[in-house]
*Asks:* 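My questions all concern the structure below.
Side chains included, hydrogens not; waters and symmetry mates left out as well; all remaining heavy atoms used. Reminder, nothing fancy here: chain letters follow the sequence lines and each chain counts from 1.
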2 protein chains.
Amino acid sequence: MAIETTRRQQIEDAASALFRERGYAATSVRDIAQALNIQGGSLYAHVASKEDVLWSIVSRAADRFNAEVGPLATDPGAPAAPSAPARLRAMIRAHVEVVTSSQRDAAVFLHEWRFLSDERRAQMAARRDAYEALFRQAIGRGIAAGTFSPVDPRLTATAILTALNGIATWYRPDGPLTAQEIADHHADLFIRALTCGAPGSSRERTDS
Amino acid sequence: MAIETTRRQQIEDAASALFRERGYAATSVRDIAQALNIQGGSLYAHVASKEDVLWSIVSRAADRFNAEVGPLATDPGAPAAPSAPARLRAMIRAHVEVVTSSQRDAAVFLHEWRFLSDERRAQMAARRDAYEALFRQAIGRGIAAGTFSPVDPRLTATAILTALNGIATWYRPDGPLTAQEIADHHADLFIRALTCGAPGSSRERTDS
DNA sequence: CCTACCGATCGGTAGG
DNA sequence: CCTACCGATCGGTAGG
């Protein structure tokens, strides 16, 4: 049972590793080719441009975040809607799961997307804003329900996502904390910040 | 009264602006020279290398953070030590003040420092760790005093600083929120997260 | 996928 | 601070 990997996929993997450690602008196409033991020009049998490779990595990472977190943010059809704290906790967990399990691509997505062409960068900015809106809404709903303190949803969503994205910079799979522990710690922290002193905080926990 | 600005300073200012918007690796020495209406080679009458300019920008930014936040973190000689929440609030305010008032240099400091030479990068990594330690200690003291929940000081300090540093990416002086409002919002958020449900939270506010 | 090449640009220097 | 230049390297292509 051979592991299926197209040449294109190998190129993206090698490029992602290099973009992550040196940055997109400081990585040459010859660096990428060398990692695969081929000549620089040979890359162009598989990709149209260096920027094209970046685009593939970045859009795939964006897809993963949407695939994991999106379903938790939108109301499910059948079952009862979760409480605001429970929903936000699930979203934080899912986001951290993607950050840690797709760490390399996530780091490139977060730090190198500005090297995309104007058009693609604008497209990605729109996707990112839509994604952040999922968190803004989750927070806004909690405020409306009285379970969350009346914070600024935009500012708070940005603070939460910035902190979670930062995990991509320092997380080590062999470190002292598992991805789950890190996720739970952050979820605890931010949900405490949001529920503490909330209008309808009558001491009983609707969380988790 | 002419505004005193050395050529070296002008170079660093122009470079900082360019490093910030394009990144260090994607900025050429000719780009910097062009911003000052001189030839590329002429830069080298004032600087030893491109990396030298980056180093100046980055270390000056690091100095500012230390100068503003350091005194708040270490116990003052004469007056009574502030409570843990009050101290952390002051540190958060001071950090955000530097991020927003030195936004351009702070952004370069935060995002481009990895392009320093190995030696300088290691030096800066040590400074950053010492700086983060100020926040870890402030949190640790609060936990020891029973005013803060028993969180992981390292993880929490990193979360706070990552969120605060993110402000450098999106803050606009002409935006809807002042730097002070942003600072207070973040201070409120994180201090609520830390004090809520703390062992010694007997409902009276020792904060600010 | 290779060889061989394109024009452009890189950081930096010599000599004034 | 300029002119003129250094060797190296850049992203990408032609033709096989």
*Asks:* Below the 4.0 Å mark, does D:dT13 have OP1 or OP2 next to a side-chain nitrogen or oxygen of A:Tyr44?
*Replies:*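 False: A:Tyr44 side-chain N/O out of range (4.0 Å or more) of D:dT13 OP1/OP2.
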*Asks:* Taking only side-chain nitrogens and oxygens of B:Arg7, does any of them come within less than 4.0 Å of OP1 or OP2 of D:dC1?
*Replies:* yes
*Asks:* Any Lys/Arg nitrogen of B:Asp184 or B:Arg93 sitting under 4.0 Å from an Asp/Glu carboxylate oxygen of the other?
*Replies:* yes
*Asks:* Please give, in whole Å, the distance from D:dC1 P to B:Asn37 CG?
*Replies:*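 Taking CG of B:Asn37 and P of D:dC1, I get 11 Å after rounding.
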*Asks:* Given the ring of A:Trp113, does A:Arg128 sit roughly above its face, with NZ or CZ under 6.0 Å from the centre of the six-membered ring and within 45° of the axis?
*Replies:* yes
*Asks:* Rounded to whole angstroms, how far apart are CG on B:Leu43 and C1' on C:dC10?
*Replies:*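 Result: 14 Å.
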*Asks:* Compare the minimum distances between each of D:dC2, D:dG11, C:dC2 and the side chain of B:Gln39, then state the nucleotide with the smallest one.
*Replies:* D:dC2
*Asks:* Give a yes/no answer on whether the side chain of A:Ser28 brings an N or O atom under 4.0 Å of OP1 or OP2 in D:dC10.
*Replies:* yes
*Asks:* Identify, between A:Arg30 and A:Ile38, the residue whose nearest nucleotide on DNA chain C lies closer to the 5' end.
*Replies:* A:Ile38
*Asks:* Distance check needed: D:dC1 P versus B:Gln34 CD, whole Å only.
*Replies:* 16 Å
*Asks:* Between A:Arg127 and A:Asp63, does at least one N-O distance fall below 4.0 Å, as a salt bridge requires?
*Replies:* yes
*Asks:* Is A:Asp129 salt-bridged to A:Arg136, going by a charged N under 4.0 Å from an acidic O?
*Replies:*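 A:Arg136 and A:Asp129: salt-bridged.
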*Asks:* Rounded to whole Å, please give me the gap between CD in A:Glu51 and P in D:dG11.
*Replies:* 13 Å
*Asks:* Select base, sugar-phosphate, or nothing to describe what A:Gly41 touches, counting heavy atoms under 4.0 Å on all strands.
*Replies:* base
*Asks:* Nearest-Å distance, CD1 (B:Ile32) to P (C:dG11)?
*Replies:* 8 Å
*Asks:* Below 30° counts as parallel, above 60° as perpendicular, anything between as tilted: where do the rings of A:His95 and A:Tyr131 land?
*Replies:*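 If you compare the ring of A:His95 with that of A:Tyr131, the planes turn out tilted.
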*Asks:* Output the rounded distance in Å from CD (A:Gln10) to C1' (C:dC1).
*Replies:*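 Whole-Å distance recorded here is 13 Å.
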*Asks:* Using Watson-Crick or G-U wobble geometry with both distances under 3.5 Å, which nucleotide pairs with C:dG12?
*Replies:*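 Per the H-bond distance test, D:dC5.
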*Asks:* I want to confirm an ordering. Mapping A:Gly40 and A:Ala26 to their closest nucleotides on DNA chain D, which one lands closer to the 5' end?
*Replies:*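 The residue mapped nearer the 5' terminus is A:Ala26.
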*Asks:* Whole angstroms only, please: what is the NZ-P distance between A:Lys50 and C:dT9?
*Replies:* 15 Å
*Asks:* B:Leu54 has an atom CG; how far is it from atom P of C:dG12, in whole Å?
*Replies:* 12 Å
